[in-house]
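Just so it is clear, the model here is predicted, and its values are computed rather than measured. We name chains A, B, ... by the order of the sequence lines, and we start the count at 1 in each one.
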Amino acid sequence: MFNFWKLVQNENMKIYRRPRTYVMLGIMFALMAAISIITYFVNDAHDASSWNMLYNEASIMFMLITVFTIVIASGSVADEFTSGTIKLLLIRPWTRSKILLSKYVAVLLYALGMVIAMLLFGFILNMVLFGYQDATASEVISPLVTGSIIAYMFQFSVLKYISLVVTTTLAFMLATVFRSGALAIGLSLFLILGVNTFVMLLATLDYKWIDYLLFIHLDLTQYLDHNPMREGMTLGFSFLVLAVYYAIFVGLAWYVFKKRDVAA
Amino acid sequence: MEQPIVQLQQVTKRIGKKTIINNLTLDLPLGEVFGFLGPNGSGKTTTIRMMVGLMAMTSGEIKIDGHSIRTEYQQAIRNVGAIVENPEMYKYLTGYQNLVHFARMIEGVTAERIQEVIALVGLEARIHDKVRTYSLGMRQRLGVAQAILHRPKLLILDEPTNGLDPAGIRELRDYLRQLSKEEGIAVFVSSHLLSEMELMCDRVAIIQNGKLIDVRTIKQEGHDALSNVNMLFEVDKPAEAIAVAAELGKDAFKEGDGIVLEANRDFVAAFNAKLVAEGVLVYGIRVQIKSLEDQFLEVTGGERIV
């Protein structure tokens, strides 16, 4: 089969040739720099832990990256429908599944790129401002965790990225089904950020079905910190629930995209 | 006979209870500019969408170069270049990036070919500008460029003259005729502009309410001196003129401010002399060609669809 990578290259071009992509990156860097620099000046002794800063910033930035990736994922599919370019895109010797897959791959690569850029920038920024310290995870995070802070940050990022993938897939699916970027972005943000605010409340309720809600499982770092939201939940169980939701999202997006009459 | 490049076999499309396309059967040979004519809402675009696989058929079959658009989509669509409705491009990319985008999706389109196509549609000066800044005519040219990048055997253009200026229309027309004659490709053009189709196409299919009404060949040849053609005489007293015609053994009928009769060159001169001699004032004499528009209105019954 003719190079599938070329399709991904096309999707990348459509992401990185748009100014908004760099505006997002700029916002993220500016926000991180602001947090670090303000801390630097507020703290006269300049003895804040660089790892602690990085951890706090990463926790916030993952939220921001989720928002940006939802925007990119929704736009990737919905913009083709709104602008009508979907017609030109589909009448090529490629199956619809492969075209959808190329978009999905490009979006996940974007999310990965943002995470790596954020971690690298945060690391360099904080090391420059606060100096490198050798630290264990228990000193920086909580007494419950063990091991080196680098290993902790790595696991933290991987688990956050998995949640990011599930969220992105949800936005991608909504955009494919509704063909409207605004609706997909709005709905995903509401579901992810809105529901997250009272998920703690939900978690305290003593109903079995709450165990199967997507939102309870979206923050996998709860297991890293040995502080699960609900009694008796394990990482394996969370993975399983996420996998089921993921399969539903992917299946729905794929089926709708493949079958739909394009009359945009 | 050579296998037709496109075969539509009893194509039907129903959306809900409404039948959009009803049992459409049509063959297109290579090397012809084929017009697809119909009033707004007659199903032209729906048919084109089904031909390129954007819409599924309810029943029937469409084959392009012998490959079914349903079961062998990739082989079938490889031979097709198309603009469906407006030439929508990625506005935030340059014209060149748009072409690269579509070139990447088909094997064998080289950088030289992209340059060649840009020159062909006359976009050299603006190709590295963002499509956002293009006029509709320039977008139309870019649309044609992406459609012919991979040298398709079938070029499908939906309302291609939309937004083009008269010079652009003429250029496109000449270019399409050249493509079909020299490279032997089939060009399928839809339009509701009758006069345009008359100049551009070899054959025209007329569709109305999703049904194929007629396929006719457009005559490109002129009229020779001996053949009888319909002549319109503009006169002040049509009734007397008709009487004069009857004396000469011709049936004439009144139309507007004049009369129409079938005549050759010699008869026109003789009849004119006779009219003047009889005291009928002749204001004008001209050949009355039944335009495609008249034919179209005739077969569609001038029916309003909305």
Between [X] and chain B, which part of the residue has a heavy atom less than 4.5 Å away: side chain, backbone, both or neither?
X        : answer
Ser83(A) : backbone
Ile99(A) : side chain
Arg96(A) : side chain
Leu7(A)  : side chain
Lys14(A) : both

Would you name the heavy atoms of [X] and [Y] that are closest together and state the gap between them?
X         : Y         : answer
Leu90(A)  : Leu54(B)  : CB-CD2, 3.8 Å
Ile91(A)  : Ala82(B)  : CD1-CB, 3.7 Å
Ala56(B)  : Asp261(A) : N-OD1, 2.8 Å
Ile106(B) : Pro93(A)  : CG1-CD, 3.6 Å
Arg49(B)  : Val262(A) : CD-O, 3.2 Å

Let me know if [X] has heavy atoms under 4.5 Å from chain A in its side chain, its backbone, both or neither.
X        : answer
Tyr73(B) : side chain
Lys13(B) : side chain
Gln75(B) : neither

For Met13(A) and Leu93(B), what are the C-alpha separation, side-chain angles and deciding distance, and is it a side-chain contact (heavy atoms from CB on, under 4.5 Å)? CA-CA 9 Å; Met13(A) 177 165 79; Leu93(B) 298 178; 3.9 Å; yes

Using only non-hydrogen atoms and a strict under-4.5 angstrom cutoff, which residues of residues 15-28 of chain A touch chain B?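 Heavy-atom contacts from residues 15-28 of chain A to chain B are Arg17(A), Arg18(A).
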
Using side-chain heavy atoms (C-beta onward) and a distance below 4.5 Å, is [X] in contact with [Y]?
X        : Y        : value
Gln74(B) : Thr95(A) : yes
Leu88(A) : Met89(B) : yes
Leu89(A) : Tyr90(B) : yes

Could you tell me the separation between the OG1 atom of Thr82(A) and the CD atom of Glu88(B), rounded to the nearest 0.5 Å? 10.5 Å

Spacing of Arg104(B) atom CZ and Gln9(A) atom CD [to the nearest 0.5 Å]: 4.0 Å

Can Lys91(B) and Asp79(A) be said to form a salt bridge (Lys or Arg N to Asp or Glu O under 4.0 Å), step by step? CA-CA 11 Å; Lys91(B) 290 191 180 71; Asp79(A) 286 357; over 6 Å; no

Could you tell me which residues in residues 139-160 of chain B have at least one non-hydrogen atom under 4.5 Å from a non-hydrogen atom of chain A, sorted by residue number? Gln146(B), His150(B)

